[in-house]
Structures are given as C-alpha cells and as structure tokens.
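Single-structure report; data block below.
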Amino acid sequence: MKYLFKNTIIIDPANLIEEPVDVLIVDGRIEKIRQSLSASKNDQEIDLRGNIIAPGFIDMHVHLREPGFEYKETIESGSMAAAAGGFTTVCCMPNTNPVIDDDSMVRWIIEKGKSVNQGIVDIYPIATITKSRQGKELSPMMELADAGAVAFSDDGSSVDNAEVLRRAMEYSAMINKPIIQHAEEPNLAKGGVMNEGFVSTSLGMPPIPSISETVVLARDLLIANYTKGKYHAAHISTRISVELIRDAKKRGTSASCEVTPHHFTLTDEAVRSFDTNTKMNPPLRAYDDLISLKEGLRDGIIDVIATDHAPHSFDEKQVEYLFAPFGIVGLETAIGLAITELVQTGYLSLNQLVEKLSVNPRKILNLPQVTIREGEKANLTILNPELRWIVEIEKFKSRSVNTPFNGRKLIGRAIGIFNNGQLLLND
Amino acid sequence: MALQNRHLLGLEGVSKEEIKLILDTATTFREVLERPIKKVPTLQGKTIVNLFFESSTRTRISFELAERRLSADVVNFSADMSSLKKGETLKDTARNIEAMKIDMVVMRHASPGAALFLSRVIDSVIINAGDGGHEHPTQALLDLYSIQEKHKRIDGLKICIVGDISHSRVALSNIYGLKTMGAEVAVCGPATLIPSEIEKHGIGIFNKIDDAIAWADVLNVLRIQLERQDRSYFPSLREYRKYFAVTKERIERAEKQITIMHPGPINRDVELSADVADGKHSIILQQVLNGVAVRMAVLYLLGTRS
Ligand SMILES: [Zn+2]
C-alpha cells in the first residue's frame, strides 16, 4: 500500500525541514520526502496543507484498566482513544487486577495490544516495582524487562519505604530501565480530596497538602543521586517539585519528570464547581504552581507531557465529591490542551512540544527514537496546530468520558496517525 | 421580596437583604412559638423529607418540629454512611424520593457539595442541613438571629469562633453570614485545627483564648473531639481544657460583657466550663428555640416561593 501525503510541514527535532513537502510512504516505510511528488495510480493521496506531521507521539502514563476493570476501559478502546488523540504509542500502568508483576502478564498485554485495531497503536507495558504493588518485595525486574516491560512503577501508590526504593533503583539501573514514582507521602495525604489552600478551606474539603508530594520527591531525588539509578517522577504538580527536579539535575542526578495537561491548564479553583471530574491525584494545585509547571516545561526542567489517562465509569463519578474516585481521561484532549495552553501562549514552540511528546519520553524509556527520514519506518502523528474545535465527550473513543474539559474550546487537534503500515484519520 | 435561589445550599453569596428577610420572618414565627397553639397552616399539603446520612438528633428534631408547626407532612429517612457506600448511591436514593412526589428535602450528609449534587439530580427544593465541613446555613442563620436578639444588631460586632475550625460544619456558614451582615470575625484554636489560608476570608486568627476573649463581643464555642479518623490534632483534652477552654475565671478576668454561644452538643468542662454554659453570659438555650423559628422561616420562604 502506498500513501502520498501532500504539502505537509514536518516537525521533527532531529530533521528540521521548514518548507511544505510531500511524503511518500510505501509498505509502512518512508520512501521519499521531496517537493512536488506526484501520485501514481494506486497511491492514496492525502492533501495535508495546513497540517504538520511529527514523529509519533507517545503517552508514557496511561491507565488502560485491562485486565480487571474493562467497564472503565479496555486495551482496545484505550488504543482507539490514543489514536484519536494523536498518540501512536502508549505505556500502560500496572495497577490492573491482577497487577502486572509477572512476565506472563507483560506478554499478554503486548499480544493483546497487537491484536486490537490491527495493532496501529504500540502498547508498551510498565510493570510494578514491587510484588502485588505492596511496596515490600521487588518484582522480578529482569524477567519483566525481558518480557517487554519498558519501565517500573507502583503508580497509584508511592513506594513509601526508602530502603525498598533504594534497592529498586539499584536493581533497575542494571537493565537501564527507569523507576517511575508516584510521589505521595500517605500520612500527609490521607483522607484528602483536593489541594490544601484557600479553596479547600472555603469548600470545607479534606485537603491534600503540596508537601505530601514534595517530601517524597526530595527524598527520592537524594536516593536517585546516591544509587545512580534512573528516576522518573510521574505527574509532578507543585512549584517546589519543579525546583527540586531543577536542583537535582544540576547536581547530576539521573532524574526526569512529567506533567499532565490538566495540571498546566486548571487550578484548584475548578473544584468550586464540585464537579467530580476535577478530582484527581495529585490534585489540581494553586495558580503559582500552574505557572511554575509551564515555566518548567519552557526551561526544559520538565521533560515530558503525559496524560495520566485514568478512565472511570459515568456512575462511579456521579457520586458525592468525597466518594468519587480520583482521575480523569486525557488521551483525546492532550494535544489540544498542550497547543492551547503552551504553544499559543508562547511557552513552547511546536518543535519543543514534539520533544515533550515524542523525543524525551522515548529517551527516558530507552526506546529507539522515531525520526521522519527517507528509509525510516513511518510512525507519525498528523496534527493541525491551528484548528479550532470544541471538546465533545459524545465523540470520545474512550469507554469513559470523565473529563472536566467537555465543551471547552481548544486550538490544535490531532488529525490522525500513521503507524505499523496503517493510516487512521479522525472524522 | 423573595429569596433569589429556590434552594438553601449555603450562605456564601446570599445577600444582606435576603438574610434580613429570613431573620425578620423568623421573628414572626418566634411569636407563633410563644402562642398556646403553636401551629400555622402555611405548608399544609406539602411533603418534606428529612434525609439524614449522619445522625444529628438535634438538627433533625429542630427541622421536624419546624415542619410540623407549619403543618407539612413529614417523612424521616436516616441511613448511615457505610450502608450508603455499599449499596444504593445518593443519586438512586434521591430519584426514589423524587418518584414519591416530595416537595422539599432537608439533607445532612458527610460530603462537601452533597446538597448541591442533590439539587442537580432532582427537582425538589433542597435545604442543606450540613454538608461535611462545608456549609450548614440554618445553623448560621439561627446564630445570627440569636446574636441580633441579644445585641439588637450584628453590624460592627466582634464575633470569635472558638475550637475545631477545620472540621466544623458551622464555621464557614457563620463566617459568610457574619461578614455579609457587617460583623468582624475571628477564629481561635490550636493551629492544627485552623484550616489553611482562612485569613483570606478577611478574618483574624487567635491562638490564645485570653486574646480572643479580650477582643470579642461574642464567642461561638465549637465542640471538640480528641481524635478524628485516627488523627490527633492536639495532645490531650486536659491540655486543650487548660489552654483553650472558655471558663468562668477567664471571662471574669477580662472584666467585660461577653455573649457565649455553642451549637451543641456541649462537651461540658472540655471546650466550655459548665458554669459558663449555664451562666448569665450564655444564650445557648435561646439558640435552640431560635433554631426552630429560623427553620420555620426558611421552610416558609422556600416552600411558598414560586
Ligand atoms: Zn499516579
């Protein structure tokens, strides 16, 4: 099968081409990148005027919920949501039921990922750091890595015991796989449902103080520095977290971090609506935190944008705020939010955005880089950075629609993806 | 003049005129309560459900009495939180109530925002009888009424709320209502029980009870519990009593007129010494009576609104 993409801009940090070009893809490989290629008879020709193609985006923090919670999301529906949101690759978190802590589970997820939607989206499992995600004994990391796990995380909970984290960092460093920590001190956070501050006080909500994140992060960065392990902080949310990562990087620590679109878009003021789709962990923080996160992205302290896509069913979220589960879906709004909040506002260039969504996560996960060059496999995100659109949950491919962004006007949208020989365009 | 909102979910955003209307209406019902026959036919034919997901005998009885004195048909529904979490959701319960053609729902619930949630899923008129640590508007209104009754004004008075501000269901509604009515407000308690950034509401903070007594015209003393969800916020009740209790000696030392209030139930000789609770400064029993009148006023104004 041949595809000819006409008049597209390529945004690839590894291969900058300023002018619109035509890209010919044959059997899933990039055959030619030239100006004015003409189509032969059997080529599928697609005019991409006004659109850009970028090395396929990867979301390194996704909860696909399968196995165990298929009513929230499945590998199939999650992979469709990823494709619709412009992601060619997702990494799925292991807090499923059963948890992903043995090699057969890792293989099962990879197989399943290949079997759904003709395998257009690459699904890479993240396995647990500790057995049963209990924070006590290490998972069989080498075996898990051999089976295809790309990283380790007990996400949903913090590895609380410093000794366990130390050993996990030392052990995983042997195979050069990152430890992804959900940094949260459980005693400080206990019972809380939103950020501690004027808003929680005004709503009478049990608070989660920002220090519940930063005390663990500060400790972890010291452990990372000491062990020379590879540390990645999931979903950082506070101003001090950005400072801690900045300082650790200066000290030469092998540390990286990610931020979610909701944390650079919304503050705890959004909770005043009592909409349970404003309840997530870490919680939406204060305005100065939000600004620091944007600056952290701009200054390169924050490496990655990841969604923490956390589907929950409609009924689960249609309850009192105190009882609602934490988390929101993110795959299908991430690009729109990132372009609207970061590119349109001048915090990031499109080129930097591609680094946060494609280059840096692959670097952290030790995955081969995707580039747009002749002879390379075509793994592409196609997006229109100027398209104005409105989020409509009715159009979501995800099985869940728990988002606070329904009805929001955004600029920039994924038009489709090309991966593993297949093209998928959004309608 | 009528109330702006068809529900009473809280006092945040309720105007001075509306609060005055409620307090004035309560005065007429106070007169009714002094009569030999304490019943008026105002809400005849209306059905009200008291939906209590946390036990609060006082508040429920006060509402029930107010409802019966207005001749409404009253149904009580009590369930504890644990059974709710397991089975039926609040939405299911609410829909069931709706199906029974209920006019008004009075709800007590542990989650902030629960009353708002209920107003979004059913059509009945909702009165919030406490949503977790958020609002408890009728309690604050009866406090306002009692202060006004005693001092003939609220504007310019200094009111200090004392005790566990963080977990109180009374503090926020009081702060919103008192500020709207022109009072100066402060809170006093151990730093561990004063929530983050509360001063941004334009209120003072005292950590010494003697300073609060010296400053205030009115002390609204809240109930203290040693432990909440296995967490301790101060070392012992003994220490709390020693440094934060409102006692006769402390009031006498201040050599001033001061009004003592408490939303009940009182831990005698913990946050408030018995002699103060029963003494000449206390208006605690008037608060109880005023509670019925104020709730009658709210039920009347909302029940006859449209
Ligand atoms: Zn997490």
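Protein chains get the first letters and strands the later ones, always in sequence-line order, with residue 1 at the start of each.
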With side chain to side chain contact (heavy atoms under 4.5 Å, CB included) as the test, would you mind laying out the steps for A:E196 and A:M205 before giving the verdict?
CA-CA 9 Å; A:E196 181 164 61; A:M205 294 271 201; over 6 Å; no
Are A:H309 and A:E73 close enough that a side-chain donor and a side-chain acceptor fall under 3.5 Å?
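Yes.
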Heavy-atom distance under 4.5 Å to chain A: side chain of [X], backbone, both or neither?
X: B:R169; value: neither
X: B:E12; value: side chain
X: B:K200; value: both

Measuring from A:L337:CG to A:T265:OG1, what's the distance to the nearest 0.5 Å?
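A:L337 CG to A:T265 OG1: 4.5 Å, rounded to 0.5 Å.
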Using every non-hydrogen atom in the two residues, find where A:I236 and A:V242 come nearest and quote the distance to one decimal.
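So the minimum-distance heavy-atom pair works out to CD1-CG2, 4.0 Å.
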Is chain B contacted by the side chain of A:S202, its backbone, both, or neither, given a heavy-atom distance below 4.5 Å?
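Its backbone and side chain both get close to chain B.
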Could you tell me how the ring of A:Y321 sits relative to the ring of A:F274: parallel (under 30°), tilted (30 to 60°) or perpendicular (over 60°)?
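Because their plane-to-plane angle is over 60°, the rings of A:Y321 and A:F274 count as perpendicular.
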Chain A interface, residue from B:L172, B:I198, B:L116 that has the most non-hydrogen pairs under 4.5 Å:
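Between B:L172, B:I198, B:L116, the count favours B:L172.
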